[in-house]
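One structure is given below, encoded as structure tokens.
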Amino acid sequence: MSVQELEKIFRDKIEAEIKIEAKDWMPDAYRKTNIRQISQHAHSEIVGMLPEGNWISRAPSLKRKAILLAKVQDEAGHGLYLYSACETLGISREETINDLHSGKAKYSSIFNYPTLTWADIGAIGWLVDGAAIMNQVMLTRTSYGPYARAMVRICKEESFHQRQGFESLLVLSKGTKEQREMCQDAINRWWWPALMMFGPKDTESANSDQSMKWKIKRKSNDELRQNFVDMIAEQVKILGMTLPDDQLRWDEKRRHYDFGEIDWNEFWNVVKGNGPCNKQRLDARKKAWEEGEWVREAATAYAEKRKTPQTPKGALEAA
Ligand code: FAQ
């Protein structure tokens with residue numbers, strides 16, 4: 001078949017909402033865009049374990065510790081599904097990890113902020129997982145099959161994460177004066193970085209147009225950000241807390257909340273590697289990769305061993 005014919009089959013599938021699968025022909029640029037987005041998403045999941053991991057040993061009770069442990073393990077699982085989905089596009093795990101370590105590949109800006117108090121763990125669950133779900137629910141309908149299917153399971157787990165974060169803040173919001181202040185302080189610090197998770201404004205988003213045409217993205221950065229603001233502006237009332245934005249108000253005509261301007265200098269600064277924790281996060285990932293080499297070697301050796309036929313159990317004794 002000619003490239004033109006293959007391209008037509010690809011376009012028709014996208015048009016008809018038929019998923020593109022790993023062995024299907026796809027334009028090189030579609031493959032590359034998916035590799036870029038899925039690998040960066042995977043990196044975000046595993047780098048995202050670090051700020052939360054910081055609080056596992058200091059959780060205020062056994063119950064909170066068990067919940068946080070389970071959540072952090074979930075994030076590792078999400079990384080695994082996503083790296084696997086990425087590998088179906090023909091790139092090795094080593095290559096994607098190298099791109100993270102060399103700084104070629106990005107990961108979500110949000111994980112370059114520090115977790116200073118226990119309330120930050122609640123704020124991450126409520127705001128960061130909340131923003132992640134808002135974006136990922138649309139990705140369950142993304143055009144690349146393995147990515148869409150990974151997203152279904154991830155979204156289920158993320159919605160548990162968001163609820164536990166909200167519940168944790170709800171407890172603090174009903175606590176002592178210090179606990180209430182800690183809760184408000186965490187919301188103040190995580191609010192704007194959470195809004196930045198949706199990426200640059202649509203007018204500045206280099207990849208959006210093409211990704212929307214290919215149905216990799218189904219909603220724009222600004223549309224998702226607005227949906228998130230509308231949801232959180234209502235939920236924060238239940239906590240009896242406020243969002244740190246004096247321009248936040250309901251617009252009856254638009255049927256949406258208006259909100260203030262994001263500090264885009266801060267956003268790009270963090271994306272370019274100059275956020276408060278960028279160096280710390282990358283160093284931690286590189287160290288984990290180096291120190292985990294013996295585990296990878298042992299796992300490979302074990303897999304090899306299982307491939308070769310084993311002597312039946314008891315055969316040696318009988319001989
Ligand atoms: N941080 O043209 P666009 C989570 C980059 S998972 C850093 O608009 P696109 C779970 C972008 O890559 C959170 N870089 O890009 C969890 C591009 O640069 P490139 C992660 C950013 O791809 C919770 C450039 O700016 N979720 O949180 C950011 O069309 C709690 C221009 O931007 C995903 O990755 C940013 N915030 O739209 C874990 C979801 N925003 O690549 C632990 C999948 C933009 O050309 C604890 N990804 N950039 O060099 C997406 O949906 C999209 O990639 C967007 C960006 C919406 C993030």
Side-chain angles (χ1 to χ4, degrees), residues 29 32-55 68 71-79 81-82 85-86 99-100 103-113 115 120-142 144 147-148 150-151 154-155 157-162 164-165 190 192-214 216-225 228 262 264 266-275 278 281:
K32 283 199 178 122
T33 299
N34 267 297
I35 290 177
R36 177 185 65 79
Q37 180 166 324
I38 302 171
S39 66
Q40 295 189 157
H41 194 164
H43 301 328
S44 304
E45 299 283 355
I46 59 159
V47 176
M49 296 165 73
L50 298 170
E52 292 185 296
N54 185 34
W55 280 88
L68 185 57
K71 181 182 189 299
V72 173
Q73 282 177 4
D74 282 354
E75 309 301 358
H78 298 174
Y81 315 149
L82 289 165
C86 204
D99 286 348
L100 169 69
K104 187 177 161 207
K106 299 184 169 79
Y107 58 88
S108 185
S109 50
I110 192 77
F111 302 117
N112 293 306
Y113 291 86
T115 40
D120 288 14
I121 298 305
I124 290 182
W126 179 42
L127 297 175
V128 176
D129 285 275
I133 302 172
M134 192 57 84
N135 170 275
Q136 287 169 179
V137 166
M138 88 162 168
L139 292 175
T140 60
R141 294 189 297 116
T142 194
Y144 186 55
Y147 191 22
M151 278 297 124
I154 291 178
C155 281
E157 292 173 354
E158 299 286 31
S159 60
F160 154 72
H161 295 170
Q162 193 197 16
Q164 70 78 34
W190 289 93
W192 291 105
L195 290 190
M196 294 174 195
M197 285 175 73
F198 295 96
K201 279 197 258 198
D202 292 351
T203 47
E204 310 288 319
S205 167
N207 302 295
S208 275
D209 270 0
Q210 187 57 65
S211 287
M212 297 282 261
K213 280 184 195 136
W214 279 328
I216 294 174
K217 281 167 94 166
R218 319 281 309 217
K219 287 186 179 187
S220 81
N221 298 0
D222 285 334
E223 205 180 342
L224 290 167
R225 188 164 18 240
F228 178 69
I262 289 168
W264 292 111
E266 176 181 327
F267 170 72
W268 288 116
N269 204 33
V270 175
V271 171
K272 284 180 190 145
N274 306 317
N278 292 60
R281 301 292 183 240

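Note that ligands are numbered from 1 as they come in the structure, with each ligand's atoms numbered from 1 the same way. For the numbers below, each heavy atom of this structure counts, side chains included, while hydrogens, waters and symmetry mates do not.
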| query | Are a donor atom and an acceptor atom from the side chains of Gln40 and His43 found within less than 3.5 Å of each other? | reply | no

| request: For side chain to side chain contact (heavy atoms under 4.5 Å, CB included), just list the numbers for Ile121 and Glu52, CA-CA rounded to whole Å, side-chain angles, deciding distance to a tenth of an Å, and then say yes or no. | output: CA-CA 6 Å; Ile121 298 305; Glu52 292 185 296; 4.3 Å; yes

For residues 132-142, tabulate all N or O donor-acceptor pairs below 3.5 Å that involve a side-chain atom, not counting sequence neighbours.
unit_1 : atom_1 : unit_2 : atom_2 : d
Gln136 : OE1    : His41  : NE2    : 2.7
Thr140 : OG1    : Val137 : O      : 2.6
Thr142 : OG1    : Ile216 : O      : 2.7

Sub-3.5 Å pairs, protein N or O with ligand 1 N or O:
unit_1   : atom_1 : unit_2 : atom_2 : d
ligand 1 : 1 (N)  : Ser109 : N      : 2.8
ligand 1 : 1 (N)  : Ser109 : OG     : 3.3
ligand 1 : 2 (O)  : Ser205 : OG     : 3.1
ligand 1 : 2 (O)  : Ala206 : N      : 3.1
ligand 1 : 2 (O)  : Asn207 : N      : 2.8
ligand 1 : 2 (O)  : Asn207 : ND2    : 3.0
ligand 1 : 8 (O)  : Ser205 : OG     : 2.7
ligand 1 : 8 (O)  : Asn221 : ND2    : 2.9
ligand 1 : 12 (O) : Gln40  : NE2    : 3.1
ligand 1 : 15 (O) : Asn207 : ND2    : 3.3
ligand 1 : 18 (O) : Lys106 : NZ     : 3.2
ligand 1 : 22 (O) : Arg36  : NH1    : 3.0
ligand 1 : 22 (O) : Arg36  : NH2    : 3.3
ligand 1 : 29 (O) : Lys217 : NZ     : 2.6
ligand 1 : 36 (N) : Ser109 : OG     : 3.1
ligand 1 : 36 (N) : Met196 : O      : 3.3
ligand 1 : 36 (N) : Met197 : O      : 3.4
ligand 1 : 37 (O) : Lys217 : NZ     : 2.9
ligand 1 : 41 (O) : Arg36  : NH1    : 2.8
ligand 1 : 41 (O) : Gln40  : NE2    : 3.2
ligand 1 : 45 (O) : Asn207 : ND2    : 3.2
ligand 1 : 49 (O) : Lys106 : NZ     : 2.5
ligand 1 : 51 (O) : Asn135 : OD1    : 3.4
ligand 1 : 51 (O) : Asn135 : ND2    : 3.1

| Residues in ring-ring contact (aromatic ring centres under 6.0 Å, His included) with Tyr107, at least two apart? | none

| For Lys219, which residues count as a salt bridge (charged side-chain N to carboxylate O under 4.0 Å, His left out) partner, sequence neighbours excluded? | none

| message | Salt bridge or not between Asp74 and Lys71? Use side-chain N to carboxylate O under 4.0 Å. | response | no

